[in-house]
Q: 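Here it is: the structure, laid out below.
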Amino acid sequence: MIRRTLMSGAFALALAAGTAFAQDTVKIGLILPMTGPFASTGRQIDGAVKLWLSQNGTTVAGKKIEVILKDDGGTADTTRRLAQELVVNDKVQVLAGFGLTPLALATVPIATQAKIPELVMAAATSSITEQSPYVIRAGFTLPQITVPLAEWAAKNGIRKVVTLVTDYGPGIDAENAFKSRFTAAGGEVTAELRVPLRNPDFAPFLQRAHDARPDAVFVFVPSGVGSIFMKQFIERGMDKSGIRLIGTGDVTDDDILNGMGDVALGVITSFHYSAAHPSAANKAYVEGYKKLNGTRPNFMSVGGYDGMRMIYEALKKTNGDASGDALLAAMKGLSFESPRGPVTIDPATRDPIQNVYMRKVERVDGELWNVEFATTPSVKDPLHK
Ligand code: DHB
């Protein structure tokens with residue numbers, strides 16, 4: 001009796017964990033900040049998932065795909081609760097989304113216990129994929145996209161830099177990656193400033209950066225926050241101080257770049273995606289995205305679009321077996337042509353290996369764009385080599 005109870009308990013758990021791949025429907029739990037200060041990330045990814053479904057249909061390898069969208073409002077406790085409900089009640093076979101690093105980290109124990117992929121579309125702290133073999137990433141990592149900028153700065157007459165980053169995982173990754181490469185190349189970081197994630201006020205930090213008289217300020221802020229940063233940058237007169245602004249491409253996010261106006265002109269960033277990336281695949285992507293969603297896609301959207309691609313490609317490889325270990329094995333090593341350029345999912349680290357581009361904000365045909373001017377091909381996360 002006891003044995004039978006135990007067995008049926010284990011069976012129920014296995015079912016809850018989504019291992020019953022004989023089902024006809026593959027459910028994807030998509031958890032995004034659709035409200036709150038990081039809602040732009042949710043909106044961008046949701047728009048990309050809808051574009052993918054409209055272009056590729058909702059059947060793959062004989063399975064019907066169902067995406068269940070949940071709004072976590074950008075709060076980790078909510079993300080964790082939603083992930084739990086999606087696994088236990090909805091029996092999803094993939095957990096996807098995760099607009100911020102703390103939200104991705106909060107989900108790790110649940111995906112790991114359920115033995116299903118946690119497909120990170122947005123969050124970009126290097127260490128997230130180290131937490132569990134069930135975490136796999138469609139987007140990028142901060143160290144990966146920062147290193148080429150540090151090398152560019154050292155080669156382009158920038159000697160002294162003040163770093164100014166949002167004070168949590170990705171910001172600290174960006175600060176460390178910039179400093180280590182820039183100092184190795186002969187530069188000097190004269191101050192490291194960290195701004196709170198919630199309700200940031202950049203003014204006092206910009207004042208300190210201004211007073212330190214560096215050649216450049218290196219900045220990381222999460223997607224959507226670039227507008228506030230730029231506004232305060234002008235209010236402090238930093239645009240007229242002769243101090244250059246460089247950063248990761250999060251600050252000149254394609255979603256908000258046009259609204260920044262001429263102050264953004266000439267800002268140099270490094271990144272894995274620009275809406276101005278000159279390829280046929282990207283032109284089609286930007287046009288398709290705009291037609292469906294009415295806005296320009298940004299890098300967050302591309303993480304969502306390629307995340308969907310990874311699920312579809314994996315299901316084709318497994319002939320529709322959606323059990324967690326089969327899906328993960330099939331996602332590892334995938335190579336594809338993304339709107340950003342060529343991408344390979346590193347089978348060892350579960351992070352994308354991708355080109356990193358140097359870009360400069362320019363006005364082209366009346367709109368502001370991050371125009372790419374140099375490429376470092378096939379960059380790995382330097383912390384995951
Ligand atoms: C993260 C969030 C962002 O909006 C971004 O641009 C980069 C990283 C994060 O929380 O990991």
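Note that this is a predicted model, so its numbers are computed, not measured. Counting convention: from 1, in listed order, for ligands and their atoms alike.
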Q: Check whether any heavy atom of Tyr168 sits under 4.0 Å from an atom of ligand 1.
A: yes
Q: Give the ring-plane orientation class for Phe220 versus Tyr168, where under 30° counts as parallel, over 60° as perpendicular and anything between as tilted.
A: tilted
Q: Side chains of Asp381 and Gln144: donor-acceptor distance under 3.5 Å anywhere?
A: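 Not at all, the side chains of Asp381 and Gln144 share no donor-acceptor pair under 3.5 Å.
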Q: Could you tell me whether Phe98 approaches ligand 1 through its side chain, its backbone, both or neither, with non-hydrogen atoms closer than 4.0 Å?
A: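 Contact part for Phe98 vs ligand 1: neither.
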Q: Does the distance from a Lys or Arg side-chain N to an Asp or Glu carboxylate O, for Asp24 and Lys63, drop under 4.0 Å?
A: no
Q: So, is Pro222 polar-close to ligand 1, with some N/O to N/O distance under 3.5 Å?
A: no
Q: Whether Asp72 and Arg80 form a salt bridge (side-chain N of Lys/Arg under 4.0 Å from carboxylate O of Asp/Glu) is what I want to check.
A: no
Q: Heavy-atom pairs closer than 4.0 Å: do any link ligand 1 to the side chain of Phe299, the backbone, both, or neither?
A: side chain
Q: When you measure from atom 4 (O) of ligand 1 to every protein heavy atom, which one gives the shortest distance, and what is it?
A: Ser223 N, 2.8 Å
Q: Check this for me: does any side-chain nitrogen of one of Lys231 and Glu235 sit under 4.0 Å from a carboxylate oxygen of the other?
A: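 Between Glu235 and Lys231 there is a salt bridge, with a charged N closer than 4.0 Å to a carboxylate O.
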Q: Just distances here: any N/O of Thr41 and N/O of ligand 1 closer than 3.5 Å?
A: no
Q: Could you label the plane-to-plane angle of the Phe178 and Phe218 rings as parallel, tilted or perpendicular, counting under 30° as parallel and over 60° as perpendicular?
A: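 Ring orientation, 0 to 90° scale: parallel.
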Q: Nearest protein heavy-atom contact for atom 11 (O) of ligand 1: which residue, which atom, what distance?
A: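 Answer for atom 11 (O) of ligand 1: Thr101 OG1, 2.5 Å.
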Q: Check each atom of ligand 1 against the heavy atoms of Met300 and keep those under 4.0 Å away; list them by number with element.
A: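 Matching atoms, with element in brackets: 3 (C), 4 (O), 5 (C), 6 (O).
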Q: Suppose I only count heavy atoms of Ala123 and a 4.0 Å limit; which atoms of ligand 1 are within that range?
A: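 Taking each heavy atom of Ala123 in turn, ligand 1 has 9 (C), 11 (O) under 4.0 Å.
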Q: Starting from atom 6 (O) of ligand 1, which protein heavy atom do you reach first, and at what distance in Å?
A: Asp250 OD2, 2.5 Å
Q: Between Glu85 and Arg81, does any side-chain N to carboxylate O distance fall below 4.0 Å?
A: yes
Q: Can you confirm whether the side chains of Ser274 and Asn370 place a donor and an acceptor under 3.5 Å from each other?
A: no
Q: Run the contact test for Gly99 against ligand 1 with a 4.0 Å cut-off on heavy atoms, strictly below, and give the result.
A: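 Within the 4.0 Å threshold, so yes.
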